[in-house]
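This report concerns only the one structure given below.
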2 protein chains.
Amino acid sequence: MEQSPPKHPNPEQLDPNDLLIFARVADAGSFTAAAEQLGLPKSSVSRRISLLEERLGERLMLRTTRRLTLTEFGEAMLEHGRALAEEVELARTLAESRRAQPSGRLRVSMPSDFANLLLGDLFAAFSALHPAVMLEIDLSPRRVDLLGERVDLAIRFGDLPDDSLLAARRLRRFTWGLYAAPDYLAEHGTPRSPEDLKQHRCLRLLDEGATGHWQLSAGEQTHHEHSPAPIQANSPELLLRLARAGAGIAALPDQFAAPQLTRGELRRVLPDWSLPAQTAWAVFPGRRLLPAKTRAFLEMLQAAL
Amino acid sequence: MEQSPPKHPNPEQLDPNDLLIFARVADAGSFTAAAEQLGLPKSSVSRRISLLEERLGERLMLRTTRRLTLTEFGEAMLEHGRALAEEVELARTLAESRRAQPSGRLRVSMPSDFANLLLGDLFAAFSALHPAVMLEIDLSPRRVDLLGERVDLAIRFGDLPDDSLLAARRLRRFTWGLYAAPDYLAEHGTPRSPEDLKQHRCLRLLDEGATGHWQLSAGEQTHHEHSPAPIQANSPELLLRLARAGAGIAALPDQFAAPQLTRGELRRVLPDWSLPAQTAWAVFPGRRLLPAKTRAFLEMLQAAL
DNA sequence: GGTGATTGTTCCATTGGTCGAACAATCTGA
DNA sequence: TCAGATTGTTCGACCAATGGAACAATCACC
C-alpha cells in the first residue's frame with residue numbers, strides 16, 4: 001500500500017507533548033523560562049521544538065538569542081497547543097478529584113439476608129459520608145458476573161472460585177449455631193445431645209453447596225444429623241423468622257441471631273455444638289488500583305463487622 | 001517547598017500520548033488491534049496503559065484476555081482522550097494543509113520602483129494562483145526589520161549585511177546603462193565618448209550607498225564622471241520618467257528601460273559603456289523550513305526575472 | 001471435552017532520547 | 001567601548017523506554 005516514502009521530511013506522527021512544550025515556550029516567551037517551568041533542561045526544550053518544526057514542515061518561531069517572535073504559523077499552532085494543555089489539565093483534575101474524594105456510581109451485590117440483618121445502617125451512613133457516590137445495591141441471590149455487570153464489590157460466603165481477575169478480602173468469620181424459640185422448646189423439650197435432634201423439627205438451609213445435613217462438632221466430637229427437615233428455605237432470614245415463630249430448630253449464623261438472643265426471642269440449642277464456620281469475603285474486580293469509592297466502602301464494611 | 005514526596009504513587013505529569021493510546025484501545029476494543037493501528041508493539045501498549053493507570057491512581061479498564069470492559073472512570077477519561085485526539089488531529093491537519101497549499105498572510109517588502117516596473121502582473125497572478133494567501137505589499141524605501149515587523153520576504157540590492165538569522169537567494173543581476181529621449185538627443189547631440197557627458201544634463205540616482213558619480217566601464221577601460229547633476233532623485237522610476245520627458249541622460253537598469261527602448265521613447269547612450277552591475281536578492285528570515293507561501297512566491301519571483 | 005488460535009502480560013537486550021556542560025551570539029551596564 | 005550576564009544551540013556519555021519473543025490465560029470450534 002505504501003509504495004513510496006513521503007517526499008517531504010515527514011508528517012509522521014507528531015507528539016502532543018511537543019505541542020505542550022511549544023505552548024509553554026510561547027507563553028513564557030523564552031526557552032529557558034519554559035524549561036524551568038517544565039522541569040526540563042533547556043537543551044531538551046530546544047531539541048523538541050526543532051524536531052516539532054521538522055515534523056510540521058514549517059517554523060513556529062524565529063529565535064534570536066534575545067527575543068522570540070512567533071511565526072504566523074506559530075500563532076495558529078499555539079491555539080491548538082493551548083487547547084491541548086487545557087484538555088490534559090482537565091483529565092489530570094478528574095483523576096485527582098477522584099483520588100481525593102470518592103465519586104461516581106458504586107454497585108454492590110450481596111445476599112439480601114446479609115444486607116438486611118447486618119448492614120441496615122451502613123448504607124445510609126456511607127451515603128451520607130460520601131454524597132458524590134451514587135450507591136446501587138443489588139440483592140439478587142445469584143452470583144453476578146462482576147466484570148460483565150460492572151459490579152464494583154460483592155459479598156460472598158465460603159468457597160471462592162479463585163478467579164485471577166478478582167481480588168478478595170476476608171471480612172469476618174461467621175460461626176453457626178442452632179436456635180429455637182423458648183415457646184417451641186417448652187412444648188417439644190430442649191435437646192441435650194445431637195441424637196435428640198431426631199425428635200425435633202429441623203429448619204434447614206437450602207443452598208447451592210448445601211450438603212443436605214447438619215455437620216455438628218464440639219471439640220473433637222462430630223455428629224452428622226441427616227434427619228429429614230419439614231421446612232427448607234434458601235434464606236437464613238426466613239429460617240430465623242420461622243424459628244422465632246416456633247416452627248422448629250434452625251441453624252443460623254450467631255451474628256444473625258444475636259439480636260433475638262438478647263431480646264429472649266430465641267435460645268441457643270446445644271450450645272456446645274456448632275456447625276462449620278464460614279468466611280465472608282468481599283470480592284472485587286482488579287487486584288490493584290482500586291477506585292476510591294470501592295476502597296472507602298470496603299473500609300467501612302470491615303469496620304462494621 | 002516540596003517537603004514530602006507524594007504519598008500515593010504519583011500524580012506526576014501524565015503523558016498525553018498515553019491518553020491517546022488509551023482512547024485508541026478503548027475505541028478499538030482490543031490491545032492488539034489498537035497496537036496495529038498505532039504501529040506499536042502490543043507490549044508497549046500494555047505497558048503504557050498500565051503506567052497511565054498508575055499515574056492516574058485508578059484502573060481505566062478491566063481486562064480479561066478476551067474482553068475489555070471500561071471502568072466508570074475509564075468512560076469519563078475516554079471523553080478527554082477523544083477530545084485530545086481530535087485536537088491533535090486538528091493541529092496535524094493545519095500543518096498538512098499549510099504544506100500542501102500556501103495560506104495565511106504573506107508580507108513582502110521591496111523598493112517601489114522594482115514593484116511598479118517589473119512585477120506589475122506578478123502580484124495579481126500570485127494572488128489568483130493562491131487564493132488562500134492574503135498578500136501584503138510594503139513599498140517603503142527603508143530597509144525594514146524582517147523579524148521585527150513579521151515580513152516574510154524582502155527584495156534588496158547590492159551588498160547584504162550577512163545576518164546569520166536571514167537567508168538570501170540571488171534573484172538576478174541588473175546591468176545599468178545610460179538612457180535619454182530621442183528629442184533630448186536631437187536637441188543636445190548624442191555623446192560619443194564619456195568625456196562628452198560633461199556637456200549634458202545628468203540625472204543621478206540619490207541612494208543610500210550613492211557614490212555621487214558615475215563609474216562607467218567598457219571592457220578594460222574605466223571612466224569616472226563627476227560632473228554635477230542638475231536633478232537628483234532616489235527613485236529610478238522618477239529618473240526614467242524624467243529622461244523620457246527629455247530632461248537629460250539617466251543611468252537606469254537595462255531591464256527598467258527595456259519597454260521604453262522598444263517603443264522608441266528612450267535610446268541607449270554610449271552603448272559600449274555601462275555602470276557596475278547590481279545583484280537583486282530575495283531576503284527572508286530563517287534558513288530552513290520556509291513557509292509554503294514564501295516558497296511559492298519566491299519561485300514565481302525567480303521565474304519572472 | 002480437548003485442542004488450536006488468540007488474547008494481554010512479562011521479560012530482557014538494545015537503542016533512542018535525555019541530561020549536563022561547553023559553545024556562540026547577543027544584550028546590558030558601567 | 002568593553003566586559004559580564006544571559007540567551008538558544010550543539011555535543012557526547014549515559015540511562016530509561018522500547019520492541020520482539022516467550023508466557024499464561026481464555027475462548028471457539030470441532
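Each chain gets a letter, A, B and so on, in the order the sequences are listed, and its residues count up from 1. Everything numeric in this text was worked out from a predicted model, so none of it was measured.
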From [atom1] of [X] over to [atom2] of [N], roughly how many Å is that when rounded to an integer?
| X | N | atom1 | atom2 | answer |
| --- | --- | --- | --- | --- |
| A/Asp15 | C/dG17 | CG | C1' | 12 Å |
| A/Glu53 | D/dG8 | CD | P | 13 Å |
| B/Ile49 | C/dG8 | CD1 | P | 11 Å |
| B/Leu51 | C/dT9 | CG | P | 13 Å |
| A/Leu60 | D/dG8 | CG | C1' | 16 Å |
| A/Asn17 | C/dG17 | CG | C1' | 13 Å |

*Considering only heavy atoms and no angle criterion, is a donor-acceptor pair shorter than 3.5 Å present between the side chain of A/Ser46 and the base of D/dG8?*
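Such a pair does not exist between side chain and base.
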*asked:* If you go through the side-chain atoms of B/Arg47, does one of them form a donor-acceptor pair with the base of D/dG19 closer than 3.5 Å?
replied: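 Such a pair exists between side chain and base.
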*asked:* Heavy atoms only, 4.0 Å cut-off, all strands: where does B/Arg67 land among base, sugar-phosphate and nothing?
replied: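 The residue B/Arg67 makes no contact with any strand.
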*Interface residues of residues 21-40 of chain B with DNA chain C (non-hydrogen, below 4.0 angstrom)*: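 Contacting residues: B/Ser30, B/Phe31, B/Thr32.
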With a 4.0 Å cut-off, would you call [X] and [Y] a salt bridge?
| X | Y | value |
| --- | --- | --- |
| B/Arg55 | A/Glu96 | no |
| B/Glu72 | A/Arg98 | yes |
| A/Arg82 | A/Glu79 | no |

*B/Met77: which of B/Thr71, B/Leu70, B/Leu52, B/Leu19 passes side-chain contact (heavy atoms from CB on, under 4.5 Å)*: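 The option that passes is B/Leu19.
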*Taking only side-chain nitrogens and oxygens of A/Ser44, does any of them come within less than 4.0 Å of OP1 or OP2 of C/dT18?*
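False: A/Ser44 side-chain N/O out of range (4.0 Å or more) of C/dT18 OP1/OP2.
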_Counting only side-chain nitrogens and oxygens, does B/Ser43 get under 4.0 Å of the OP1 or OP2 atom of C/dT9?_
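B/Ser43 to C/dT9 OP1/OP2: no side-chain N or O under 4.0 Å.
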Which of the following nucleotides, [options], is nearest to the side chain of [X]?
| X | options | value |
| --- | --- | --- |
| B/Arg63 | C/dT9, C/dC19, D/dT9 | C/dT9 |
| A/Lys42 | D/dT7, C/dT18, C/dT7 | D/dT7 |
| B/Leu68 | C/dG8, C/dG17, C/dC19 | C/dG8 |

*Do B/Asn17 and A/Asn17 have a side chain donor and acceptor closer than 3.5 Å?*
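B/Asn17 vs A/Asn17: no donor-acceptor pair found between side chains.
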*Report, as yes or no, whether the 6.0 Å neighbourhood of atom CD on B/Glu136 holds more than 12 heavy atoms from other residues, nucleotides or ligands.*
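More than 12 heavy atoms, drawn from other residues, nucleotides or ligands, come within 6.0 Å of this atom.
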*asked:* With side chain to side chain donor-acceptor pair (under 3.5 Å) as the rule and sequence neighbours excluded, what pairs involving residues 32-42 of chain A come up?
replied: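 Non-adjacent pairs meeting side chain to side chain donor-acceptor pair (under 3.5 Å): A/Arg24-A/Gln37.
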